[in-house]
Number of protein chains: 2
Amino acid sequence: MHIQPNSKAVILTEIMLAVFRLQGRLLKKGDELVKPLNLTSAKWQVIGAVALAGKPLSAPQIAEAMGITRQGAQKQLNKMEKDGFFERCPNPYHRSSPLYALTERGIRSFSDAMALETVWAGGLVTDLSLQRLHEALQTLNAIHEQLDSPVPKQGDR
Amino acid sequence: MHIQPNSKAVILTEIMLAVFRLQGRLLKKGDELVKPLNLTSAKWQVIGAVALAGKPLSAPQIAEAMGITRQGAQKQLNKMEKDGFFERCPNPYHRSSPLYALTERGIRSFSDAMALETVWAGGLVTDLSLQRLHEALQTLNAIHEQLDSPVPKQGDR
DNA sequence: CTCAAATTGACAACTAGTTTCCATAGTGGG
DNA sequence: CCCACTATGGAAACTAGTTGTCAATTTGAG
């Protein structure tokens, strides 16, 4: 192989592969972690989006917060409302688009999950410095921003 | 909020969220990138696994290389064989588990995709230093290893 | 007010992966 | 050789997301 080991493109490719592997791992770990709470990683993320907002949100708002499509979020919400994690309440700004509020059960699930996650995450990174973690986070966010910017798409208003 | 902003657990949580966001973005970008080649990110990864191995592989070997389940890889392979990217050839070590070899078309798709990706990746990271990218990669891999370590697997050959 | 555009929810079909179960093929120990 | 065990492929049901279509609601320009 004659690939230059210091080429940015090559490193970026390796970062991409690392991101894919990590994502799979993290989802699986998350599923294990919150299984005792009758949650999955996906449901946990939905609950987290509303919990962190601190107020009921509409389905499209939740989708935006999670970075998934409106329909994807709606699907989860329909199931999770049926399962008692959320309840619909009237949206003063849009009669036919209800806000989803966490029920007692939903709130309890979120704080239980957060507690589990804090313990797990704290034990995971014992031999990585805070500095290193910070820099990695910044680098990932920088890549994400560059991914967003160069394709303005055709959506100019 | 009394969360310590410098707590490792908090940073790790943010890294996890960044990984999720990035993964979604990268898959979408990958789909766009290889769409002209009649590929998707998933198919591209399967082709890449075999191409990088440099020799035909069995379905379970491909699954392992990709970090997905045997059945997941098998599904892609069944479709991609039908679409002419792979052809089965006899496995001297296992009569009923064929090796999957890239066809001419598969080889061409891989090199076309790699060319597109190199151009794209090289243009993406203009304002990140090689050093930063390297460190981020190492950090991600370190996290991945720590995720893996408590659950050792069995199984070569 | 009215009509066009945008937003929204429901639904269907699809991609890509998972788990589970089954039948068969290969392997090694007795 | 035989028998238990493992590896494999196939199929089905499932999770979680996507795109696309449709009808109804909401909004805003004129």
Within-4.5 Å side-chain heavy-atom neighbours: A/L37 and A/R108: no
Side chains of A/V10 and A/E14: closer than 4.5 Å at any heavy-atom pair? yes
5' priority, DNA chain C, between A/Y100 and B/T40 [closest heavy atom]: A/Y100
Can you tell which of D/dG9, D/dA16, C/dA16 lies closest to the side chain of B/K79? C/dA16
Any non-hydrogen side-chain atom of A/I15 less than 4.5 Å from a side-chain atom of A/I143? yes
What is the separation between atom CZ on B/R88 and atom P on D/dT8, rounded to the nearest whole Å? 14 Å
List every contact pair, protein side and nucleotides 24-28 of chain D side both N or O, where the distance is under 3.5 Å.
from: D/dT25; atom 1: O3'; to: A/S96; atom 2: OG; distance (Å): 3.2
from: D/dT26; atom 1: OP1; to: A/R95; atom 2: N; distance (Å): 3.1
from: D/dT26; atom 1: OP1; to: A/R95; atom 2: NE; distance (Å): 3.4
from: D/dT26; atom 1: OP1; to: A/S96; atom 2: N; distance (Å): 3.2
from: D/dT26; atom 1: OP2; to: A/R95; atom 2: NH2; distance (Å): 3.0
from: D/dT27; atom 1: OP1; to: A/Y93; atom 2: O; distance (Å): 3.0

Which residue pairs pass the salt bridge (Lys or Arg N to Asp or Glu O under 4.0 Å) test with at least one member in residues 85-102 of chain A, sequence neighbours excluded? A/E81-A/R88
May I ask you to say what A/S58 touches in the nucleic acid, namely base, sugar-phosphate or nothing, with a heavy-atom cut-off under 4.0 Å? nothing
Check whether any side-chain nitrogen or oxygen of A/N78 sits under 4.0 Å from OP1 or OP2 of C/dG9, and answer yes or no. no
State, yes or no, whether a side-chain contact exists between B/V50 and B/F110 at a heavy-atom distance under 4.5 Å. no
Would B/W44 and B/M114 satisfy side chain to side chain contact (heavy atoms under 4.5 Å, CB included), going step by step from the backbone distance to the final call? CA-CA 9 Å; B/W44 180 14; B/M114 196 164 63; 5.9 Å; no
Side chain to side chain, A/L39 and A/S109, heavy atoms closer than 4.5 Å: yes
Tell me: CD1 of A/I62 to P of C/dT7, nearest whole Å? 18 Å
Rounded to whole Å, the CD-P distance (A/E32 to C/dT19) equals 10 Å
Measure the distance from CG on B/L27 to C1' on D/dA16 and round it to the nearest whole Å. 13 Å
Rounded distance in Å - CG (B/L77) to P (C/dG17): 11 Å
Tabulate protein N/O versus nucleotide N/O from nucleotides 17-20 of chain D, keeping only pairs under 3.5 Å, one per line.
from: D/dG17; atom 1: OP2; to: A/Q76; atom 2: NE2; distance (Å): 3.3
from: D/dG17; atom 1: N7; to: A/K75; atom 2: NZ; distance (Å): 3.2
from: D/dG17; atom 1: O6; to: A/K75; atom 2: NZ; distance (Å): 2.6
from: D/dT18; atom 1: OP1; to: A/T69; atom 2: N; distance (Å): 3.2
from: D/dT18; atom 1: OP2; to: A/T69; atom 2: N; distance (Å): 2.9
from: D/dT18; atom 1: OP2; to: A/T69; atom 2: OG1; distance (Å): 2.5
from: D/dG20; atom 1: O6; to: A/Q71; atom 2: NE2; distance (Å): 3.3

Rounded to the nearest angstrom, tell me the gap between atom NZ in B/K82 and atom C1' in D/dG10. 12 Å
Please state how far atom NZ in B/K43 lies from atom C1' in C/dT15, giving the value in whole angstrom units. 8 Å
For the pair made of CD in B/Q23 and C1' in C/dT15, what is the distance, rounded to whole Å? 14 Å
